[in-house]
Amino acid sequence: MRRWILRAARLYPRDWRARYGEEFEALVDEATADWRQLLNVSRTALTMQFSRRVGALKTIAALSLAGGLLALAASYSVPPRYVSSATFRITPVIEGARPAQADFLERETDDRFIWLKMYLTGRDNLLAILRDPSLDLYAEEQQQLPLEDLAERMKDDGSIQIDRQGAAVHISFAYRDREKAQAVVRMLERELQEQNDVVNRETAANWKRLWSTPIPFSERIELAEPPDLPAAPVESLRSIFVAAGIAGSLLLGALLLFVRRRPKLALRMAVCGLLGAIAGAGVSLLISERYTSKATMRLTAPLNPAQYSGLAPTVSLAQWLPVLQKQILNPENLTRILTRPGIAADRSGFLGMRMKDRDILEITVTYSDPFKARAIAVEMIAELQAKYGATRMEFDKHLEEQVRIAYLNRAAEKLELVLQPSSDGVLTTHYRLLYTFAGATLGILFAAVRYRTSMNGESSLSL
Amino acid sequence: VNCNFLTDPQILILASLADGEKHGYAMMEDIERFGGVRLGAGTLYGAITRLEEHGWIERLESDDRRKPYRITADGVKYLEEQMDSLHSVWKTVQRRLRHV
């Protein structure tokens, strides 16, 4: 019976057993061991477990509630954001009775949308919006930040959104003043229509110059839903605040309970974590600085009657990418690029090409010198354009010479540079943080495993 | 006054320790002797845990597996308060019983 009572005593919380286990065992050895004693020990052990768990849950619930309420209060200090949006329809218009390839038209529409989106969210257009005195946007921020930085922020924080789903194009702008939000979307609407007309005119002139015939198609943009005046601010920000507040409080509550229940282990873990973080940060200092340079290119839609009618095949970036990767990223070619005068780089960097969208290509170069990273990116772009041009001509060698020459203009898909290679973006900070975090995690794990091992050794001696 | 004053394990333990320091089994025996109540091991140690948390008793260092406990000054004060309350109730009951 005594053995059963000692087994039942294992139901007490671990920290209780650590403090009272030995003397409790001595008492059980001396006291009468019968089924009443067994029931008494089982009942009190379970009650203690339950009351402690309920206490812990109450603490966590109270902390979460407090955190949620605090976050909700804090969310009121953030100005509300109103989102005004408008919807357009972008559709190809066929002039005359000439048959058109569906694929060709679809690609032309894609191309037009990409171009218009890039224009509307481009630096020049955003600066024009910011400079417009009738809008007077971000007046306070303009006192503290250069306009260029504000324009970048507008793009990065999702204030301005331009998306497409099939023929529908959605444009929205989020701002703290609902009337200004609507005014910006109206401005974007005007720009969208105007730029589409400009591109239609330029494309028609190009076609006429290349093929001496009127262009058989154009892109039409119609307003489906005009810019609305938002009645209420978006609530998503508030719910994100509250969710973050609750999550943060939950973590804090769990941490506090852990520290209270296992102060020794918590201290050991904190010390080992700190030492691990210091070691990780130390190791990260051995890594040289890394910079990344990114550039974006796109494959333009062709202006070619043969492709328009389906007599000549159209090509996509997906088809070209493996060919270009093989030609550019092969060891021999890379050595040639890296050893060029003015670059003279070693092979410690990273070079990548990936398809970001249907016809959008992103080039990434990471290197220890920001200028060299950019120079390598510039060189890669030049190589890409040259190799693409040559291969494209080869691809169409069955066509007439006159047509092939015309391809060098807008007659064929052309690999255009959309965004110049950047020379910012230090990657080292991320690496340092990663190493520090990894060091801290390993330190904490080490402390936990050692504690567990020592506890297993002790538990065989007492309850 | 605790409604189960005479059988409240915490009061019984304090009363036992008021006589001098004792370990768990000695408390169990003493309480049975003066209170006529046999506390279970779980009940005894549940009460010891709460009394220690309140700071009314303290554990003394010992090489033995059995650890002796001693009542603290706060524990004495608390026990006296409880006794005073009980005494007041006792006097009231006595007075009223005379009029029955």
Side-chain angles (χ1 to χ4, degrees), chain A residues 1-56 58-59 257 259-263 458-463, chain B residues 2-4 6-17 19-72 75:
Chain A
M1 184 56 75
R2 185 160 282 113
R3 212 175 59 204
W4 283 102
I5 295 170
L6 289 175
R7 275 191 188 163
R10 285 174 182 260
L11 294 171
Y12 278 106
R14 185 193 286 262
D15 58 334
W16 188 93
R17 280 184 281 142
R19 175 155 179 83
Y20 298 103
E22 196 184 14
E23 56 186 286
F24 190 77
E25 203 177 321
L27 175 70
V28 171
D29 286 344
E30 283 183 288
T32 321
D34 54 13
W35 62 272
R36 276 195 205 130
Q37 198 73 280
L38 175 66
L39 279 180
N40 181 268
V41 171
S42 308
R43 180 181 57 80
T44 49
L46 288 173
T47 308
M48 196 177 282
Q49 280 281 12
F50 181 71
S51 62
R52 289 205 180 183
R53 278 174 205 277
V54 168
K58 273 185 190 167
T59 310
L257 280 173
V259 172
R260 212 173 68 185
R261 284 199 177 176
R262 309 265 177 90
E458 278 174 26
S459 63
S460 60
L461 296 173
S462 63
L463 298 174
Chain B
N2 193 310
C3 60
N4 297 316
L6 294 175
T7 53
D8 179 6
Q10 292 190 63
I11 296 294
L12 293 172
I13 291 170
L14 286 174
S16 174
L17 293 181
D19 186 38
E21 58 194 56
K22 287 180 192 70
H23 55 71
Y25 184 68
M27 276 185 244
M28 202 185 251
E29 292 283 299
D30 185 44
I31 288 166
E32 190 175 11
R33 215 166 23 246
F34 77 79
V37 182
R38 180 79 184 171
L39 294 180
T43 308
L44 180 80
Y45 264 87
I48 287 177
T49 308
R50 286 192 294 278
L51 287 168
E52 232 197 328
E53 279 168 1
H54 283 117
W56 292 334
I57 64 169
E58 62 188 2
R59 188 162 76 172
L60 301 172
E61 283 309 311
S62 165
D63 292 335
D64 192 358
R65 286 203 304 159
R66 302 178 301 178
K67 308 290 178 197
Y69 286 85
R70 177 169 65 195
I71 189 164
T72 62

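Note on naming: letters A, B, ... go to the chains in the order of the sequence lines (proteins, then strands), and numbering restarts at 1 for each one. Not measured: the values here are computed from a predicted model.
For a residue to count as touching a neighbouring chain, one of its non-hydrogen atoms must lie under 4.5 Å from one of that chain's; by this rule A/Ser42 does not touch chain B. At a 4.5 Å heavy-atom cutoff, the contact between A/Arg43 and chain B is made by side-chain atoms alone. Neither the backbone nor the side chain of B/Ser62 comes within less than 4.5 Å of any heavy atom in chain A. With a 4.5 angstrom heavy-atom cutoff, B/Glu52 touches chain A only via side-chain atoms. Of the two parts of A/Ala45, neither the backbone nor the side chain holds a non-hydrogen atom closer than 4.5 Å to a non-hydrogen atom of chain B.
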Point to revise | Residues B/Thr49, A/Arg19; criterion side chain to side chain contact (heavy atoms under 4.5 Å, CB included); working and verdict | key: CA-CA 10 Å; B/Thr49 308; A/Arg19 175 155 179 83; over 6 Å; no
Point to revise | Worked check of side chain to side chain contact (heavy atoms under 4.5 Å, CB included) between B/Ile48 and A/Tyr20 | key: CA-CA 10 Å; B/Ile48 287 177; A/Tyr20 298 103; 4.2 Å; yes
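For the salt bridge (Lys or Arg N to Asp or Glu O under 4.0 Å) with B/Arg66, the lone residue among A/Glu23, A/Glu30, A/Glu22, A/Glu25 that qualifies is A/Glu30.
Under a 3.5 Å cut-off, the side chain of A/Gln37 and the backbone N or O of B/Gly40 do not form any donor-acceptor pair.
When the shell of 6.0 Å around CZ of B/Arg65 is examined, it contains more than 12 heavy atoms from other residues, nucleotides or ligands.
Counting heavy atoms from C-beta outward, A/Thr44 and B/Tyr45 have side chains that stay 4.5 Å or more apart.
Here B/Ala41 is the residue among B/Gly46, B/Gly24, B/Ala41 with the most heavy-atom pairs under 4.5 Å with chain A.
The structure places CZ of B/Arg38 at 4.5 Å from OG1 of A/Thr32, a figure rounded to the nearest 0.5 Å.
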